[in-house]
Amino acid sequence: MAERTTTRTIDQTDTPVFEHGSELVAGVVEWYRAEARDLPWRRPDATPWAVMVSEFMLQQTPVVRVLPVYEAWLERWPTPAALAAEPVGEAVRAWGRLGYPRRAQRLHAAATAVEEEFDGVVPSTYEDLWSLPGVGEYTAGAIASFAYQKRHIVLDTNVRRVLSRAVSGVEYPAPATTPGDRRIATALLPEAAADAAEWAAASMELGAVVCTARAPRCDDCPVAELCTWVATGKPPYDGPPRRGQTYEGTDRQARGRLLAVLRDTHGSVPREELEAAWTRDVVQRERALASLVDDGLVMVLDGERYALAH
DNA sequence: AAAGCGTGGAG
DNA sequence: TCTCCAAGCTT
């Protein structure tokens, strides 16, 4: 019985995605064991809930800004149940200036779901995790991997950039995860779950501190000799222009200003106080305020006063 | 599936 | 100064 041919699917070939795959993984992991930053969510005493909190906070926000908020958060809400027991507005307030306050709202909703659907225990499977509000492909893999040592590809912007350069020889990855990213990550994934989990952390760390977007420190890279991008002379990015996010004068900025007023005040705020927070465009202010209410971040108490939702 | 969603620091 | 971008998710 030719088992080899019967188990092979039509798009598989004998050509590996990357000749130096195992060396790449080994080199990055070895470097990680020596150089990893000591981050609180990586310590042995970090609970799955702590890992989950860190992952929510780290979605689009740098480590240094997350650290103090993370510590205060876990001190106040050491379990999902503790957070679920409080109004969403308290989560939004404690979120402070991390940005994208819907993440606080979704973390609260996720805590509630953990409490109600998973007996208060942060689920350990990829599928259950992905079912939680605010948990997508990346975060599900990250929590499964870091909190439970499961074997999953973990594709964040760091890992995608590392793979883009090392494997594909391209300076920047696509704006979002592609099937090609998944194929490469899957091919590189170590067989043993514990090894896969360590590789996930290590490849993220390399992207975060060495293989950075702006000024990669290739001289300090443990796998520069294996890197396709380096080997081909670091060709500059040659794709479609990547849209930069504007911020000044946007609805997002207006929402931010309005929410900051509510965050910094306990209880409710009179409408005039919100109006004073954004005077440059009345139409925009009203649209922003309405969207905050619509999103469930803000509550209208009577037509005159506003508060963080609960 | 492209666009919306905060904020602050680094180069 | 100004541009880029940082452990994405949702609709």
Side-chain angles (χ1 to χ4, degrees), chain A residues 32 36-37 39-42 46 50-70 92 95-107 109-110 129-147 152-162 171-179 181 185 197 200-209 211-217 237 240-263 277-278 284 287-288 291-292 294-297:
Chain A
Y32 179 74
R37 290 168 295 175
L39 300 173
W41 44 85
R42 285 180 182 161
V51 171
M52 181 168 152
V53 169
S54 77
E55 290 303 334
F56 270 75
M57 291 184 173
L58 289 163
Q59 291 170 359
Q60 302 282 279
T61 303
V63 167
V64 284
R65 288 177 50 209
V66 163
L67 286 169
V69 182
Y70 166 89
V92 173
W95 197 254
R97 308 188 66 81
L98 288 184
Y100 292 143
R102 338 179 111 153
R103 291 182 294 159
Q105 182 186 34
R106 288 171 183 157
L107 180 51
L129 286 163
W130 203 340
S131 77
L132 298 172
V135 176
E137 176 180 1
Y138 159 74
T139 305
I143 298 174
S145 183
F146 303 146
H152 292 287
I153 59 171
V154 178
L155 286 170
D156 77 323
T157 189
N158 290 306
V159 176
R160 293 195 303 111
R161 187 175 52 251
V162 167
E171 186 174 18
Y172 296 117
T177 301
T178 66
D181 293 337
S203 51
M204 285 176 66
E205 184 79 347
L206 188 74
V209 309
C211 194
T212 55
R214 202 74 72 86
R217 300 163 46 203
Y237 178 73
R242 308 183 296 153
R243 69 181 192 291
Q245 24 175 302
T246 54
Y247 183 62
E248 184 63 29
T250 60
D251 285 15
R252 267 151 81 184
Q253 187 183 28
R255 285 165 55 104
R257 292 289 171 80
L258 296 175
L259 205 58
V261 173
L262 273 341
R263 255 197 332 254
W278 192 265
Q284 185 178 43
R287 183 172 62 234
S291 74
L292 286 170
D294 193 58
D295 287 351
L297 288 165

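Being a predicted model, the structure only gives us computed values, none of them experimental. Residue numbers begin at 1 in each chain, while the letters A, B, ... track the order of the sequences.
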**Study point:** Under 4.0 Å protein heavy-atom contact, by nucleotide of nucleotides 4-11 of chain B - B base, S sugar-phosphate only
**Key:** -BBBSB-S

Practice item. Name the nucleic acid region contacted by P175(A), choosing base, sugar-phosphate or nothing; use a 4.0 angstrom heavy-atom cut-off, strictly under. Key: nothing

Exercise for review: Determine the contact category for R37(A): base if any of its heavy atoms lies under 4.0 Å from a base atom, sugar-phosphate if only primed atoms, P, OP1 or OP2 are that close, otherwise nothing.
Suggested key: base

Review point. Taking the same atom, P, in dG8(B) and in dC9(C), what whole-Å distance lies between them?
Key: 23 Å

Exercise for review: Give I143(A) one of three labels, base, sugar-phosphate or nothing, depending on what nucleic acid heavy atoms sit under 4.0 Å from its own.
Suggested key: nothing

Review point. Sequence neighbours excluded, which residues qualify as side chain to side chain contact (heavy atoms under 4.5 Å, CB included) partners of Y247(A)?
Key: T250(A), R252(A), Q253(A)

Point to revise | Residue list, salt bridge (charged side-chain N to carboxylate O under 4.0 Å, His left out) with R287(A), at least two apart or on another chain | key: D251(A)

Study note, to complete from the structure: The side chain to side chain contact (heavy atoms under 4.5 Å, CB included) partners of Y32(A) (sequence neighbours excluded) come to A36(A), R42(A), E198(A), A201(A), A202(A), E205(A)

Exercise for review: Report which part of the nucleic acid R160(A) touches: base, sugar-phosphate, or nothing (heavy-atom distance under 4.0 Å, all strands).
Suggested key: nothing

Review point. Who passes side chain to side chain contact (heavy atoms under 4.5 Å, CB included) against A110(A), sequence neighbours left out?
Key: M52(A), F56(A), L132(A), P133(A)

Check your understanding: In whole Å, what is the span from the CD atom of E55(A) to the P atom of dC9(C)?
Key -> 9 Å

Practice item. Using the test side chain to side chain contact (heavy atoms under 4.5 Å, CB included), find all partners of V53(A) that sit at least two apart in sequence or belong to another chain. Key: W49(A), M57(A), Y70(A), W73(A), L74(A), L107(A)

Check your understanding: Across the strands shown, which category fits W41(A) at heavy-atom distances under 4.0 angstrom: base, sugar-phosphate, nothing?
Key -> base

Check your understanding: When we call it a touch if two heavy atoms are under 4.0 Å apart, what does T139(A) touch: a base, just sugar-phosphate, or nothing?
Key -> sugar-phosphate

Point to revise | Sugar-phosphate only, base, or nothing, as touched by A208(A) at under 4.0 Å among non-hydrogen atoms | key: sugar-phosphate

Revision key, fill the gap. dist Y100(A):OH -> R255(A):CZ (nearest 0.5 Å) comes out at 11.0 Å

Exercise for review: Give one of base, sugar-phosphate or nothing for T157(A), where a contact means two heavy atoms less than 4.0 Å apart.
Suggested key: sugar-phosphate

Check your understanding: Looking at CG of L292(A) and CZ of R102(A), how far apart are the two atoms once the value is rounded to the nearest 0.5 Å?
Key -> 9.0 Å

Check your understanding: Just checking A213(A): base, sugar-phosphate only, or nothing, at a heavy-atom cut-off of under 4.0 Å?
Key -> sugar-phosphate

Review point. Which whole number of Å gives the distance between the P atom of dC5(B) and that of dA7(C)?
Key: 22 Å

**Study point:** Separation of the C1' atoms in dG8(C) and dA1(B), to the nearest angstrom
**Key:** 15 Å

